[in-house]
Amino acid sequence: MHLTKPCGSNKRSGSSSSSNKGATIPNTFHSNKSSNKMARITRTISQQSHHIHERSLPHTLLLAIAAIALLQLQHFENVCAQSMMTKNEPMFISRSETFKFITGETIVLPCEVANTDTYVVAWKRGIAILTAGSVKVTPDPRVRLVNGFNLQIREALPTDAGDYICQIATMDPREITHTVEILVPPRIHHISTGGHLQVKKGSSVRIECSATGNPMPNVTWSRKNNILPNGEEKLHSHVLSIENVDRHKGGVYICTANNRVGQPASSQVVLHVLYSPEIAVERPVVFSGEGHEAMLVCIVHGETQPEVIWFKDTMQLDTTERHIMETRGSRHTLIIRKVHPQDFGNYSCVAENQLGKARKTLQLSGKPNVAVFNSPPISQYKDRYNISWAVDSHSPIEEYKLSFRKLPQGHEVVGNAIDSQSSSSSLSSSQSSSSSSSQMYGSGLHSHHIGSNIGGGGGSLSGGVGMGSYGGYGNLMHWGRNDWRNVVLPAMPLSHHYSQGMSYMVRGLDPDQHYEATVQSRNRYGWSDLTNSFVFSTSSNDGPVDLSTFLNHGLSDNEMRDLSVTFYGSSAINRQKLGLLALSSATLILSLIMA
């Protein structure tokens, strides 16, 4: 016996009305329907009970069965009614959210709903209604509905930020709220200097850079192809301050705003520093020789661009066949072709602009350059040291002046130099007495570097090794405190190479001691400047016996003098017949036996 129908067999048809009357199902409808069904069931039970009564079943049992069936039917009808009411209620599938969009992008706000056939879905912003159902209410052409009730706004603007409400128009309206945040890329809208700034040297500068954007951008300052005056690469501030401006602080300064939305924005300020000319010389002393070319260079800076004039002593120079003046940017060059002896002397470059004038002096010299020591710092002997040097000179070197002394106590050796001011002062006083009897001349004691093999044994005498001694510099030499020894060495024969040099054996030294030396060179135009002090040391024990030791025992004093001093040029070793080559093989063997 079937007492009920499946749930939903009595489905209510939907209404197209937009009123709120369809929001709930009336209770009377469900009550009447249930009563009718109960009446039909009661009649059926009565009929069945009549037949059962005829079969002699107890009447009370029949009534109990009927009551239970009636209660089950009523419960089933109530469940079906509630299920139908829940299934037909309007509801949101989307949830309230916060969205971030960049200006210019398309905004899409979701509003997915269910069971809204008889209800109106509307979009609102504040009190303004944007859409109602499928009808667009707002006059904004950028707004429309897409894919149902999703709200689209094209080309987002900063003013589009705010809350947007999607609402279902029931008796008690249901709604979700979307919050829209518009991200705005940075923009620099103000620089206090307008992009260009001119200030005088010594002034102070303050530049402000203002930027907008969402979120608020960070502002930093940097400098094109350079660091900031404070030594940093960047300054995190909207204000750039520069104190005591000079030409080194001029240039292009860049303000950058960045909030990680889109591309950073930047703007630049060109800072011009107005100052009187400033001159730097490339080389204060320019060395040259007769018939050669000389170039004197002044680096001139100034704002505005200065005019540069060249002088020889007090006479202004004009462009001639031999005097050429060139300008390339800040580099001003005086070229002297085929130098004459009268060209040597003092020159000056004078620069002038509207803010002032400056002058720098240069010297064109025919003297030798400062010599450079090239011997090792430690001797292999305990009582002597072979010192050698080289010097550049366009004219032949005529003589050298070598000065050396034992290094006084308390002087710190740094590399091959000493950290002391007393050294140079005491040396200057020693050099001032250049004609005193302490100078020793090596006249007649010249020889060239030995480059040929001796006896075909494959070995050769090392370059720059002298084996003679001058009077007063023997092994019994006694050194006074801070005493300088001066030796003037004639450069014979004269070398016409640009790079020239000499070596000299210093004898009578104490073992395991530090010594310092300096040297000057002279050509026809005068003496060069002193070298820096060169420090060398003797060893505590003699090294291995070499050919020089052998010759020491086997040759006479006169033969020794021929090997005391060595001269050499730059490109090739100059050779000269020595007294040693005049010895016969027999004499050489005899010398070996005597040794």
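The structure displayed is predicted, hence computed values, not measured ones. We count residues from 1, following the sequence as given.
Counting all heavy atoms, side chain and backbone alike, Gly501 lies closest to Tyr400 at N-OH, 3.8 Å. Summarising the geometry of Asn244 relative to Gly202, their closest heavy-atom pair is OD1-CA, 3.4 Å, with the distance given to 0.1 Å. Of all heavy-atom pairs spanning Leu296 and Trp310, the tightest one is O-CH2, 3.5 Å. In terms of heavy-atom proximity, Phe404 sits nearest to Ala517 at CB-CB, 4.0 Å. Between Glu352 and Lys357 the shortest heavy-atom distance is OE1-CE, 3.5 Å. Taking every heavy atom of both residues into account, Leu228 and Trp221 meet most closely at CD1-O, 3.7 Å.
Annotation: side chain to side chain donor-acceptor pair (under 3.5 Å) contacts involving residues 322-346, sequence neighbours excluded, comprise Glu282-Arg331, Arg322-Asp343, Thr327-His332, His340-Gln342. The list of side chain to side chain donor-acceptor pair (under 3.5 Å) pairs with a residue in residues 311-321, not counting sequence neighbours, is empty. Annotation: disulfide (SG to SG under 2.5 Å) contacts involving residues 315-353, sequence neighbours excluded, comprise Cys298-Cys349.
A salt bridge does not link Lys200 to Glu303: none of the charged side-chain nitrogens sits closer than 4.0 Å to a carboxylate oxygen. Between Glu398 and Arg524 no salt bridge is recorded (no basic side-chain N to carboxylate O distance below 4.0 Å). Here Asp512 does not pair with Lys382 in a salt bridge; the nearest charged N to carboxylate O distance is not below 4.0 Å.
How far CD of Gln513 is from OG of Ser540: 11.0 Å, rounded to the nearest 0.5 Å. Within the model, atoms CD1 of Ile207 and OG1 of Thr193 stand 5.0 Å from one another, a figure rounded to the nearest 0.5 Å. Remark: Met505 CE to Ile387 CD1 distance equals 11.5 Å, nearest 0.5 Å. Rounded to the nearest 0.5 angstrom, Asp383 CG and Thr538 OG1 are separated by 8.5 Å. Expressed to the nearest 0.5 Å, how far OG of Ser375 lies from OH of Tyr504 amounts to 14.0 Å. The CZ atom of Phe373 sits 12.0 Å away from the OG atom of Ser503 when rounded to the nearest 0.5 Å.
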For Ser210 and Ile188: C-alpha separation, side-chain torsions, deciding distance, then whether side-chain contact (heavy atoms from CB on, under 4.5 Å) applies.
CA-CA 6 Å; Ser210 300; Ile188 296 175; over 6 Å; no
Stepwise side-chain contact (heavy atoms from CB on, under 4.5 Å) check, Gln500 with Ile397
CA-CA 8 Å; Gln500 306 166 48; Ile397 300 296; 3.3 Å; yes
In sequence, state the C-alpha distance, the side-chain angles, and the governing distance for Val350 and Val308, and then conclude on side-chain contact (heavy atoms from CB on, under 4.5 Å).
CA-CA 5 Å; Val350 177; Val308 177; over 6 Å; no
Full working for side chain to side chain donor-acceptor pair (under 3.5 Å) between Ser204 and Glu243:
CA-CA 4 Å; Ser204 297; Glu243 305 294 333; 2.7 Å; yes
Between side-chain atoms of residues 230-239 and protein atoms elsewhere (two or more places apart, or another chain), which donor-acceptor pairs fall under 3.5 Å?
residue : atom : partner : partner atom : Å
Asn230  : OD1  : Glu232  : N            : 2.9
Ser237  : OG   : Val239  : N            : 3.1
Ser237  : OG   : Val239  : O            : 3.2

Donor-acceptor contacts, no H, no angles, side chain residues 265-278, under 3.5 Å, sequence neighbours left out:
residue : atom : partner : partner atom : Å
Tyr275  : OH   : Gly302  : N            : 3.2
Glu278  : OE1  : Arg247  : NE           : 2.6
Glu278  : OE2  : Lys201  : NZ           : 3.0

Pair up each side-chain donor or acceptor in residues 358-369 with any protein partner under 3.5 Å, not counting sequence neighbours, and list the distances.
residue : atom : partner : partner atom : Å
Arg359  : NH1  : Ser348  : OG           : 2.9
Ser365  : OG   : Lys367  : N            : 3.0
Asn369  : ND2  : Asp392  : O            : 3.2

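Between Glu399 and Leu489 there is no side-chain heavy-atom pair separated by less than 4.5 Å. Side chains of Asn258 and Pro217 form no contact here, defined as non-hydrogen atoms less than 4.5 Å apart. With contacts defined as side-chain heavy-atom distances shorter than 4.5 Å, the pair Phe534/Asn374 does not qualify. Two residues are said to be in side-chain contact when any heavy atoms from C-beta on lie closer than 4.5 Å; Trp527 and Lys401 meet this criterion. Within the 4.5 Å cutoff, the side chain of Leu240 has heavy atoms near those of the Tyr253 side chain. Contact of the His496 side chain with the Pro396 side chain is registered, since non-hydrogen atoms from C-beta on lie closer than 4.5 Å.
The environment of Asn218 atom CG is sparse: at most 12 non-hydrogen atoms of other residues, nucleotides or ligands sit within 6.0 angstrom. Open room surrounds CD on Glu307; 12 or fewer heavy atoms of other groups in view lie less than 6.0 Å from it.
Looking at Arg522, its side chain never comes within 3.5 Å of a backbone N or O of Gly526 through a donor-acceptor pair. Under the 3.5 Å distance criterion, the side-chain polar atoms of Ser539 are matched with a main-chain donor or acceptor of Tyr381. A donor-acceptor contact shorter than 3.5 Å links the side chain of Gln520 to the backbone of Ser528.
A side-chain N or O of Thr531 and one of Thr518 form a donor-acceptor pair less than 3.5 Å apart. A donor atom on one side chain and an acceptor atom on the other are found under 3.5 Å apart for Ser533 and Glu516. For the residue pair Glu290 and Tyr525, a side-chain donor N or O sits within less than 3.5 Å of a side-chain acceptor on the partner. No side-chain donor from either of Tyr385 and Ser537 sits under 3.5 Å from a side-chain acceptor of the other.
Here Phe287 and His394 keep their ring centres 6.0 angstrom or further from each other.
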